[in-house]
A.B. asks: 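What follows is a single structure, and I will ask about it in a moment.
Numbering of ligands and ligand atoms starts at 1, following listing order.
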Amino acid sequence: MSTKGTLRVLQLYPRDMNIYGDWGNALVLQQRISWHGYTPELLEYNVGDEFPADVDLIVGGGGQDSGQLIIQADLQARAEDLRALAEADLPMLVICGLYQLFGKFFKTRTGEVIPGIGILDVETHGTDERLIGNVKVASTEFGEVLGYENHSGQTTLGSGVSPLGTTAKGTGNNSGDGHEGARYRNIVASYLHGSLLPKNPAIADFLIQHAAERKFGHFAPGSPDDTYAVLAREHAGRRPR
Ligand code: GLN
């Protein structure tokens with residue numbers, strides 16, 4: 001079957017950074033890329049692997065502090081390449097643990113400093129408070145974003161990024177400013193698991209659109225089937241907390 005072309009999606013560190021169903025984000029991208037008429041290719045990058053060439057979209061998940069410690073040296077070795085891709089407007093989605101490490105640093109609850117790669121102007125401090133529960137975010141770009149958070153790190157945004165949105169339920173980045181996630185170039189960073197993309201197809205399509213535009217000069221949308229996304233959003237909306 002002829003398609004509009006191939007889009008290569010790379011998942012960063014799925015072995016160590018992939019909790020609360022974050023793998024679902026890669027699966028949604030795969031499915032929606034093919035619904036839009038393109039051919040998806042799913043790739044994985046784990047510690048010590050050779051970094052694949054010609055990547056069109058990057059997605060990375062959350063992880064325990066221990067997972068973040070496992071990947072930190074390898075991530076530093078990849079920092080320059082990832083920064084160059086980010087500055088060249090490659091679309092990326094980074095969730096929770098990788099959101100923190102795309103920032104300047106994550107100082108854990110026990111005082112250990114895990115350096116980040118500084119693509120995002122954010123910093124994160126571990127606390128004794130664990131922020132857990134369903135989250136509803138008002139985003140001017142993506143409408144109402146729904147997800148689930150579970151983190152002890154609290155992130156503050158510098159002037160180089162904008163928040164993904166404002167929390168209408170749940171906590172998001174930190175217990176102080178009512179912001180959730182971060183936006184920079186074509187990067188979407190968020191604390192939300194659930195996973196995020198099955199319930200928020202607008203974010204998936206944003207990433208796919210920018211991947212296609214970068215590679216082919218334009219994006220020709222297809223007809224994605226949103227039946228399950230609608231059901232998942234309805235179901236999430238009924239949850240009491
Ligand atoms: N270890 C980090 C924290 O607790 C990230 C957790 C996560 O990815 N869910 O803040």
A.B. asks: Compute the centroid of each ring, for H151 and then for Y20, and state whether the two points are separated by less than 6.0 Å.
C.D. replies: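 No, too far apart.
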A.B. asks: Applying a 4.0 Å heavy-atom criterion (strictly less than), which segment of H193 is in contact with ligand 1: side chain, backbone, both, or neither?
C.D. replies: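 Just the side chain.
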A.B. asks: With a cut-off of 4.0 Å, which atoms of ligand 1 are near a heavy atom of D65?
C.D. replies: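 With D65 as reference, the close atoms of ligand 1 come out as 1 (N), 2 (C), 3 (C), 4 (O).
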A.B. asks: Is K107 atom NZ crowded by more than 12 heavy atoms from other residues, nucleotides or ligands, each under 6.0 Å away?
C.D. replies: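 Open: at most 12 neighbouring heavy atoms sit under 6.0 Å from NZ of K107.
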A.B. asks: State the OG-CG distance between S195 and D22, to the nearest 0.5 angstrom.
C.D. replies: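 S195 atom OG to D22 atom CG measures 6.5 Å (nearest 0.5 Å).
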A.B. asks: Apply side chain to side chain donor-acceptor pair (under 3.5 Å) to residues N200 and R233 and explain how you reach the verdict.
C.D. replies: CA-CA 8 Å; N200 300 284; R233 289 179 67 82; 3.1 Å; yes
A.B. asks: Students should be able to answer this: which protein heavy-atom is nearest to atom 7 (C) of ligand 1, and at what distance?
C.D. replies: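 Ranking protein heavy atoms by distance from atom 7 (C) of ligand 1, first comes C96 SG, 2.7 Å.
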A.B. asks: Sub-3.5 Å donor-acceptor pair from the side chain of H36 to the main-chain atoms of G222, do we have one?
C.D. replies: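 Such a contact is found between H36 side chain and G222 backbone.
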A.B. asks: Check each atom of ligand 1 against the heavy atoms of I19 and keep those under 4.0 Å away; list them by number with element.
C.D. replies: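 Per the distance check, 7 (C), 8 (O), 9 (N).
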A.B. asks: Would you say N174's side chain and D177's backbone share a donor-acceptor pair under 3.5 angstrom?
C.D. replies: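 Checked: pair present.
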A.B. asks: Is the ring centre of F216 less than 6.0 Å from the ring centre of Y38?
C.D. replies: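 Yes: the rings meet the under 6.0 Å criterion.
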A.B. asks: May I ask you to list the atoms of ligand 1 that are less than 4.0 angstrom from any heavy atom of N150?
C.D. replies: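 That gives atoms 6 (C), 7 (C), 9 (N) of ligand 1.
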A.B. asks: Does N173 offer a backbone N or O that forms a donor-acceptor pair with the side chain of E149 under 3.5 Å?
C.D. replies: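 Absent.
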A.B. asks: Please check whether F106 reaches ligand 1 - meaning an N/O of the residue sits under 3.5 Å from an N/O of the ligand, judged on distance alone.
C.D. replies: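 Such a contact does not occur with ligand 1.
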A.B. asks: A quick test of your reading: do over 12 heavy atoms of other residues, nucleotides or ligands sit less than 6.0 Å from CZ of R83?
C.D. replies: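 Yes.
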A.B. asks: Can you confirm, on distance only, whether ligand 1 has an N/O atom lying under 3.5 Å from any N/O atom belonging to Q68?
C.D. replies: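 The answer is yes, given that Q68 and ligand 1 share an N or O pair closer than 3.5 Å.
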A.B. asks: Which ligand 1 atoms are under 4.0 Å away from a heavy-atom of G63?
C.D. replies: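 Listed by number with element, the hits are 1 (N), 2 (C), 5 (C), 6 (C), 7 (C), 8 (O).
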A.B. asks: Nearest protein heavy-atom contact for atom 4 (O) of ligand 1: which residue, which atom, what distance?
C.D. replies: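 Here the nearest protein heavy atom works out to S152 N, 3.0 Å.
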A.B. asks: Would you check whether G153 has a nitrogen or oxygen atom less than 3.5 angstrom from a nitrogen or oxygen atom of ligand 1?
C.D. replies: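 N/O-N/O distance below 3.5 Å exists for this pair.
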A.B. asks: Examine ligand 1 and decide if any of its atoms is less than 4.0 Å from a heavy atom belonging to Q154.
C.D. replies: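 No, that is not the case, since the closest heavy atom of the residue is not under 4.0 Å from the ligand.
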A.B. asks: Yes or no: does R130 have any heavy atom under 4.0 Å from an atom of ligand 1?
C.D. replies: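 Heavy atoms of R130 do come under 4.0 Å of ligand 1.
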A.B. asks: Considering only heavy atoms, does Y20 approach ligand 1 within less than 4.0 Å through its side chain, its backbone, both, or neither?
C.D. replies: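 The answer is the side chain.
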A.B. asks: Can you name the atoms of ligand 1, numbered from 1 with element, that are less than 4.0 Å from a heavy atom of G62?
C.D. replies: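 Counting from 1, the qualifying ligand atoms are 8 (O).
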